[in-house]
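Presented below is the structure to which this report refers.
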Amino acid sequence: MSACMKFTKRVWKSFLDAKGHDALCFPHLQITRAKPGVVETALKIESSNLNRVGTVHGGLLLSLTDTLGSLAVASRGHFMTGLSTDVATSFVRPAGKTGDTLFAKATLTSLGRQVAYTRVDFMNGNGELVAYGTHTKYIGKSASDPQNVTFSDDGERILEDSKQ
């Protein structure tokens, strides 16, 4: 497993260990791939993820846009992923029902010294786009967190660990 994947999973575990929103809403989210700037996930849809007409609730997708945007920032070595300043999600088609798997690809589109921008694409099991979201994060203070690391370009190795 690459260093980037291990680190991103460690950040995700810290989200779950906090026992907050992420742990309640999508505790079974699986990170299937992580390389610097890109995180791919899968989530089996449960009945608690549905709206009253039996399809994935838009609030789940919006919340995932926030969380997965944060994980895209983490995939660049940021343990603390900053504060959300803007989150938006556009819905293209129903995203599934109980038992379906929702796939997502979160991409860090820009990482500056103060602000990061991400895009999250959500796909159904047929690979069709069901929604997409954007997420802006203030990272000015979190960029110097002592748990941050620097990866090789391919994410296979940690080049610098700020704890050393």
Side-chain angles (χ1 to χ4, degrees), residues 1-46 48-49 56-90 101-123 131-164:
M1 181 184 307
S2 74
C4 180
M5 179 71 138
K6 286 180 190 174
F7 182 83
T8 305
K9 284 187 171 193
R10 183 164 66 96
V11 173
W12 173 237
K13 184 178 180 316
S14 76
F15 286 21
L16 294 176
D17 289 349
K19 303 211 182 300
H21 178 79
D22 297 309
L24 289 172
C25 293
F26 27 86
H28 305 295
L29 178 77
Q30 297 295 309
I31 298 173
T32 58
R33 181 172 180 243
K35 65 179 190 174
V38 178
V39 174
E40 295 179 11
T41 64
L43 178 67
K44 187 171 181 181
I45 302 303
E46 300 176 25
S48 61
N49 302 137
V56 170
H57 193 285
L60 176 77
L61 296 169
L62 181 65
S63 185
L64 280 168
T65 298
D66 187 337
T67 296
L68 298 181
S70 295
L71 291 177
V73 172
S75 75
R76 285 290 302 271
H78 287 244
F79 186 80
M80 298 305 291
T81 58
L83 301 168
S84 299
T85 62
D86 186 58
V87 182
T89 304
S90 295
T101 300
L102 178 67
F103 298 93
K105 180 179 182 180
T107 304
L108 183 66
T109 57
S110 179
L111 179 68
R113 291 191 318 226
Q114 301 288 317
V115 180
Y117 299 91
T118 69
R119 177 183 164 108
V120 182
D121 290 321
F122 297 97
M123 286 79 55
Y132 59 92
T134 57
H135 187 202
T136 306
K137 302 214 45 138
Y138 170 70
I139 58 162
K141 293 183 179 177
S142 61
S144 61
D145 188 273
Q147 296 186 75
N148 291 353
V149 299
T150 302
F151 297 115
S152 57
D153 288 342
D154 61 5
E156 290 297 318
R157 297 174 287 113
I158 292 177
L159 300 177
E160 182 181 329
D161 188 333
S162 56
K163 291 183 290 190
Q164 295 178 1

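Residues L64 and L102 form a side-chain contact, since some pair of their non-hydrogen atoms from C-beta on lies under 4.5 Å apart. V149 is not listed as a side-chain neighbour of F79, based on a closest heavy-atom distance of 4.5 Å or more. Counting only heavy atoms from C-beta outward, the side chains of F26 and E46 never approach each other to under 4.5 Å. Residues I139 and L111 form a side-chain contact, since some pair of their non-hydrogen atoms from C-beta on lies under 4.5 Å apart. Inter-residue side-chain proximity for S2 and K35 is flagged as unmet; no heavy-atom pair is nearer than 4.5 Å. You'll find the side chain of Y132 reaches within 4.5 Å of the side chain of R119, heavy atoms only.
Checked by atom type, the side-chain pair K137/S70 shows a donor-acceptor distance below 3.5 Å.
Going from atom CZ of F103 over to atom CD of Q30 covers 11.5 Å, rounded to the nearest 0.5 Å. The CG atom of L108 sits 11.5 Å away from atom NE2 of H135, with the distance rounded to the nearest 0.5 Å. Atom-to-atom distance recorded for E40:CD and T8:OG1 is 12.0 Å, nearest 0.5 angstrom. Between I45 atom CD1 and T101 atom OG1 the span is 7.5 Å, to the nearest 0.5 Å. The structure places NZ of K9 at 4.0 Å from CE of M1, a figure rounded to the nearest 0.5 Å. Residue L61 holds its CG atom at 13.0 Å from CG of D66, rounded to the nearest 0.5 Å.
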CA sep, side-chain torsions, deciding dist, call: L71, V11, side-chain contact (heavy atoms from CB on, under 4.5 Å): CA-CA 8 Å; L71 291 177; V11 173; 4.1 Å; yes
Fill in: Check against side-chain contact (heavy atoms from CB on, under 4.5 Å), Y138 and Q114
CA-CA 6 Å; Y138 170 70; Q114 301 288 317; 3.2 Å; yes
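D86 places no side-chain N or O within 3.5 Å of a backbone atom of T134 that could act as its donor or acceptor partner. In this structure, S152 contributes its side chain and R157 its backbone to a donor-acceptor pair below 3.5 Å. S75 places a side-chain N or O within 3.5 Å of a backbone atom of G37 that can act as its donor or acceptor partner. With hydrogens and angles ignored, the 3.5 Å screen pairs no side-chain donor or acceptor of T136 with any backbone N or O of T85.
The nearest pair of heavy atoms linking P36 to C4 is N-SG, 3.5 Å. The two atoms that bring T67 and D22 nearest to each other are OG1-OD1, 2.5 Å, heavy atoms only. Among all heavy-atom pairs drawn from A131 and T89, the shortest one is CB-CG2, 4.3 Å. Nearest heavy-atom pair across M5 and I31 is CE-O, 3.5 Å. Of all non-hydrogen atoms in S144 and K141, the two that sit nearest each other are OG-O, 3.4 Å.
In this structure, the ring pair (Phe, Tyr, Trp, His ring centres under 6.0 Å) partners of F15, at least two apart in sequence or on a different chain, are W12.
Enclosure of atom CG in D153 is not indicated, since only 12 or fewer non-hydrogen atoms of other residues, nucleotides or ligands lie within 6.0 angstrom.
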